[in-house]
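All remarks here apply to the structure that follows.
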Amino acid sequence: MHLRVTTAGESHGKGLIALVEGLPAGLPVRADDVDRELARRMQGYGRGARMKIERDRVEWLSGVRGGETLGSPVAMLVANRDWSNWEDVMAAEGTPGELRRRRVSRPRPGHADLAGVLKYDRLDARDILERASARETAARVAGGALARRLLDEFGIEIGSHVVSLGGIRADAPAELPSPLNAAADRSEVRTLDAAAHARIIARIDAAKQAGDTLGGEVEIVARGLPVGLGSHVSWDRKLDGRLAGALMSLPAVKAVEVGLGVEAARRPGSEVHDAVDAAPGMTPPAGEPRGGVRRRSNRAGGLEGGITTGEPLVLRVAMKPIATLMSPLPTVDLRTGTPANAQSERSDVTAVPALGVIAEAAVAIVLADAMLEKFGGDSLGEMRRNVAGYLDALGARWVARRASEAADARDAESG
Ligand code: EPS
């Protein structure tokens with residue numbers, strides 16, 4: 001792993017930490033770059049009261065000086081404003097009475113609560129849910145914002161939009177807008193379909209009324225990637241596997257698709273694979289990231305054999321409904337082992353719009369890791385030279401091949 005993003009922190013603790021290791025020195029970074037992503041993550045129709053309390057902002061703890069990375073680990077703090085309401089319950093060293101105040105003994109089906117208390121031998125499911133909470137994704141988004149900053153230096157843009165929520169499909173134009181987020185962020189549910197937007201809002205209102213929750217699907221698109229990130233040579237270097245792993249690790253995500261995804265299994269090969277054309281003249285200009293070829297379609301979603309093709313990367317993630325129901329499901333009481341209704345805590349009706357922002361961060365981390373794997377470099381300048389050298393070689397490839405073929409043909413004729 002060339003870029004490592006780790007996080008720490010409980011949902012109602014003092015704050016969240018993101019630790020980012022592996023960024024080259026000399027990458028310009030500003031707190032605004034991170035705060036903008038943190039703010040996007042907090043948006044979205046269907047969020048609960050907590051999002052009115054928090055104003056997520058990053059504080060640099062290490063690894064940045066004078067607005068540039070140093071090449072050392074970057075540590076960031078995102079403080080929890082809600083901490084002031086939870087100091088006694090969440091105190092690192094408290095009295096048993098205070099700790100019991102918000103004890104959770106009726107685990108929510110679908111949440112980590114029950115499996116977690118059994119595995120970690122805890123009496124209070126709060127010991128599990130505080131870390132299982134999707135609040136953790138604020139730290140991942142902070143880490144992802146720095147990964148995005150690096151990708152941005154190489155013209156790589158990542159965006160997302162919601163393609164379904166609560167069972168309502170949202171269509172997107174055949175040609176997605178660019179930049180994608182400028183369009184998607186205009187909708188409170190991050191769809192590109194005005195009619196579906198209105199129906200989804202009504203669906204969320206109805207679910208809230210019924211004490212229920214909703215899931216949905218998000219599409220993530222990354223443009224500007226060069227051909228050749230990831231590798232076919234070993235299973236753990238295949239980029240599709242690495243992307244799927246990062247996306248499946250997001251709370252409540254149940255499925256990941258690449259390109260056509262599940263639909264590819266239902267069609268014959270002639271309707272799945274993307275025919276390849278030579279780009280005009282077969283001599284790509286320097287810097288052309290596809291290596292002088294074009295696919296007629298992009299059903300593969302920008303990946304073949306675990307390697308980027310240079311076409312846009314297209315991924316979809318599916319999220320189940322949030323496990324905290326205001327009309328709770330049957331469960332078992334941890335104190336007595338008897339039947340009970342699950343605990344209801346303040347929560348969201350849906351977090352699908354936020355999932356897009358979080359999934360972009362997860363994708364950014366994997367792509368930045370893959371860029372560092374291929375192009376390395378201790379400084380941004382060194383990495384730039386490595387990228388430029390690779391793209392130049394790609395550009396020169398067809399010229400060299402044609403010259404060599406012509407020489408072979410002459411030899412054959414004269415021989
Ligand atoms: C969450 C429950 C809610 C959400 C939270 C995730 O928090 P609370 O219990 O404080 O009301 O708001 O999401 C966030 C705090 C966030 O920043 O996204 C859960 O149980 O996963």
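This structure is a prediction, so every number in the text was calculated from the model and none was measured. We count ligands from 1, going down the list as the structure has it; atoms in each ligand are counted the same way.
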Identify the protein heavy atom lying closest to [atom], giving its residue, its atom name and the separation to 0.1 Å.
atom                    : result
atom 19 (C) of ligand 1 : Ser133 OG, 3.6 Å
atom 20 (O) of ligand 1 : His111 NE2, 3.9 Å
atom 21 (O) of ligand 1 : Ala134 N, 2.9 Å
atom 4 (C) of ligand 1  : Asp348 OD2, 3.6 Å
atom 8 (P) of ligand 1  : Arg346 NH2, 3.5 Å
atom 2 (C) of ligand 1  : Ser347 OG, 3.9 Å
atom 15 (C) of ligand 1 : Arg135 CD, 3.3 Å
atom 7 (O) of ligand 1  : Arg50 NH1, 4.0 Å

**OP:** Quick one: pull up CD in Gln209 and OG in Ser327 and give me the separation to the nearest 0.5 Å.
**Re:** 10.5 Å
If you take all heavy atoms of [X] and [Y], which pair is closest and at what distance?
X      : Y      : result
Val349 : Asp212 : CG1-O, 3.7 Å
Met42  : Arg55  : CE-N, 4.2 Å
Asn386 : Phe375 : ND2-O, 2.6 Å

**OP:** Determine whether the side chain, the backbone, both or neither of His12 has a heavy atom under 4.0 Å from any heavy atom of ligand 1.
**Re:** side chain
**OP:** Please name the residue in the list Glu130, Glu10, Glu54 that meets the salt bridge (Lys or Arg N to Asp or Glu O under 4.0 Å) test with Arg135.
**Re:** Glu54
Original post:
Does Met51 have a non-hydrogen atom less than 4.0 Å from ligand 1?
Top reply: yes
Subject >> Check ion pair Asp333-Arg335 (N to O, under 4.0 angstrom) >> reply: yes
Original post:
Does the pair Arg41/Glu37 count as a salt bridge with the N-to-O cut at 4.0 Å?
Top reply: no
Original post:
Which pairs with one or both residues in residues 369-379 pass side chain to side chain donor-acceptor pair (under 3.5 Å), sequence neighbours excluded?
Top reply: Arg237-Glu373, Arg242-Asp369, Arg242-Glu373
Original post:
So is there a nitrogen or oxygen of Thr324 less than 3.5 Å from a nitrogen or oxygen in ligand 1?
Top reply: no
**OP:** May I ask you to list the atoms of ligand 1 that are less than 4.0 angstrom from any heavy atom of Arg41?
**Re:** 16 (C), 17 (O), 18 (O)
